[in-house]
2 protein chains.
Amino acid sequence: MAGTEDNTRERLLDQAERLFSEKGFAAVSVREITNASQCNLAAVNYHFGGKQKLYLAVFKERWAKRAQKLQKSFIQALAGKQQPDLEEVISAMARAFLEGPLTDSERRNHIQLMQRELSNPGQAMGMIVQQVMRPFIQNLVSMIRPCLSREVEDERLRIYVLSMLGVVLYFFLARPAVSGILNQEYDQRFKSELVSHITAFCLNGMQALNQER
Amino acid sequence: MAGTEDNTRERLLDQAERLFSEKGFAAVSVREITNASQCNLAAVNYHFGGKQKLYLAVFKERWAKRAQKLQKSFIQALAGKQQPDLEEVISAMARAFLEGPLTDSERRNHIQLMQRELSNPGQAMGMIVQQVMRPFIQNLVSMIRPCLSREVEDERLRIYVLSMLGVVLYFFLARPAVSGILNQEYDQRFKSELVSHITAFCLNGMQALNQER
DNA sequence: TTGACATTCAAACGTTTGTTTAATACATAT
DNA sequence: ATATGTATTAAACAAACGTTTGAATGTCAA
């Protein structure tokens with residue numbers, strides 16, 4: 001070999017990510033993946049050692065990097081501002097998930113894959129929580145704390161951050177249902193409308209932290 | 001026959017609901033269901049006509065009734081009050097989902113089953129949206145509208161209601177992840193803490209509707 | 001050219017899948 | 001008792017599943 005780009009392996013990861021995110025692990029067959037990747041059936045076992053290990057490889061080699069990219073774009077959006085206010089933080093978070101650095105299909109794959117693993121914990125869940133979600137939430141917590149007018153315990157603040165993430169992710173997750181209920185397509189116009197709605201809703205929601213308990 | 005209670009059919013629906021909600025449609029085999037139901041393999045085809053039709057029967061004969069029960073308990077909680085204020089409406093909604101009339105396992109099955117269908121639309125999705133979600137959301141909209149200090153278009157109000165539902169459902173959905181991140185068990189104490197948090201967060205969030213655009 | 005290595009391929013492996021079949025058991029009505 | 005319709009059973013079905021195999025490629029160094 002030499003500078004072999006191992007194209008088959010990459011194609012397998014591409015299609016596996018897409019299909020697993022669309023249908024879930026059990027509903028996708030190895031033959032479906034290899035057909036979509038235009039390679040031989042045995043390629044999955046040759047390159048990854050089995051279907052289950054391919055699923056894990058998708059998370060380790062694709063999902064984790066997307067998550068980093070997403071968080072980088074969030075941090076980037078707030079760079080330069082010494083002390084971003086609450087609205088800027090929330091808007092940057094919503095934007096990272098809804099309009100961030102990923103393409104539309106990348107975004108859909110990414111979030112649906114995460115959701116499947118979070119609500120149906122498999123072998124990748126530990127990695128997601130510890131290496132991605134925990135740091136990201138702690139990051140948000142430390143950016144939000146200076147914006148508040150009173151002291152708040154870490155745990156209470158984390159629940160509020162989770163609530164905001166819940167709003168953002170749910171609009172994504174239940175996308176087909178949301179479209180059906182609102183009679184709205186998920187086009188660019190609707191997405192930026194969503195960002196400003198979410199920002200307003202969460203910005204006000206966080207004000208509960210500034211009130212007496 | 002006569003007053004045959006058709007016990008096998010009921011057991012099949014019970015176990016199918018549990019297993020489908022825990023693992024998803026594709027990951028559950030007919031043999032797994034019939035073993036858990038302590039009946040013969042052919043019973044699924046005899047009573048329902050196939051695995052797919054059993055899945056639909058779970059939604060029609062079990063899920064839909066649970067959803068009605070849930071909405072009834074929400075309406076009941078607000079009965080008597082001629083003009084419930086916003087906090088009462090929101091708190092009743094959160095309580096209906098988190099502490100409502102269902103047992104813990106019923107609740108988990110119910111919400112996870114809905115979520116699977118909403119993010120992975122199958123044949124039951126249309127029924128869920130049109131017969132359950134749309135009416136429930138419209139119900140919430142008409143209860144919330146009188147609480148606002150300014151006129152708001154229907155569509156804008158619906159987005160806000162969806163946001164509140166998002167918060168509630170996400171805390172349920174990502175339950176394993178939430179527990180992992182907060183180091184909290186989902187016991188009774190934490191649930192009622194969640195209800196008051198969600199109420200506070202959403203109550204403030206809805207205030208955005210009372211502000212200038 | 002030869003040898004060694006990495007990759008692809010068609011074919012087959014043994015299981016498990018959803019579904020069907022035909023026989024049996026059981027209750028009720030005639 | 002006999003007939004009738006419902007429910008359950010063990011056994012078998014073809015199809016699809018994940019995985020393995022061994023031969024056929026292609027590639028680069030010696």
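Here is the naming used below: chain letters follow the sequence lines, and residue numbers restart at 1 for every chain.
- For the pair B/Lys51 and B/Phe20, the cation does not sit on the ring face, since its NZ or CZ is not both under 6.0 Å from the ring centre and inside 45° of the axis.
- Remark: B/Arg158 engages B/Asp154 in a salt bridge, criterion side-chain N to carboxylate O under 4.0 Å.
- The distance between atom CD of A/Gln38 and atom P of C/dA10, rounded to the nearest whole Å, is 13 Å.
- Atom-to-atom, CZ of A/Arg9 to C1' of C/dA6 comes out at 14 Å; the value is rounded to the nearest Å.
- Whole-Å rounding puts the A/Tyr46 OH to D/dA24 P distance at 18 Å.
- In this structure, B/Glu32 places its CD atom where more than 12 heavy-atom neighbours from other residues, nucleotides or ligands lie under 6.0 Å away.
- Across the protein-nucleic acid pair, B/Asn35 atom CG and C/dG18 atom P stand 12 Å apart, rounded to whole Å.
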### Query
Can you give one letter per nucleotide of nucleotides 10-22 of chain D, 5' to 3': B if a protein heavy atom sits under 4.0 Å from the base, S if only from the sugar-phosphate, - if neither?
B-B----BBBBB-

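- Phosphate contact (OP1/OP2 of D/dT8, side-chain N/O of B/Thr8, threshold under 4.0 Å): present.
- Annotation: cation-pi pair A/Arg175/A/Tyr186 present, NZ/CZ under 6.0 Å from the ring centroid and within 45° of its normal.
- Rounding to whole angstrom units, CG of residue B/Leu19 and P of C/dT17 are separated by 13 Å.
- Side-chain atoms of A/Glu193 and B/Ile159, non-hydrogen and from C-beta on, do get closer than 4.5 Å to each other.
- The pair A/Asp104-A/Lys191 meets the salt-bridge criterion, with a side-chain N (NZ, NE, NH1 or NH2) lying under 4.0 Å from an Asp/Glu carboxylate O.
- In this model, the phosphate group of D/dT8 is approached by a side-chain N or O of B/His47 to a distance below 4.0 Å at OP1 or OP2.
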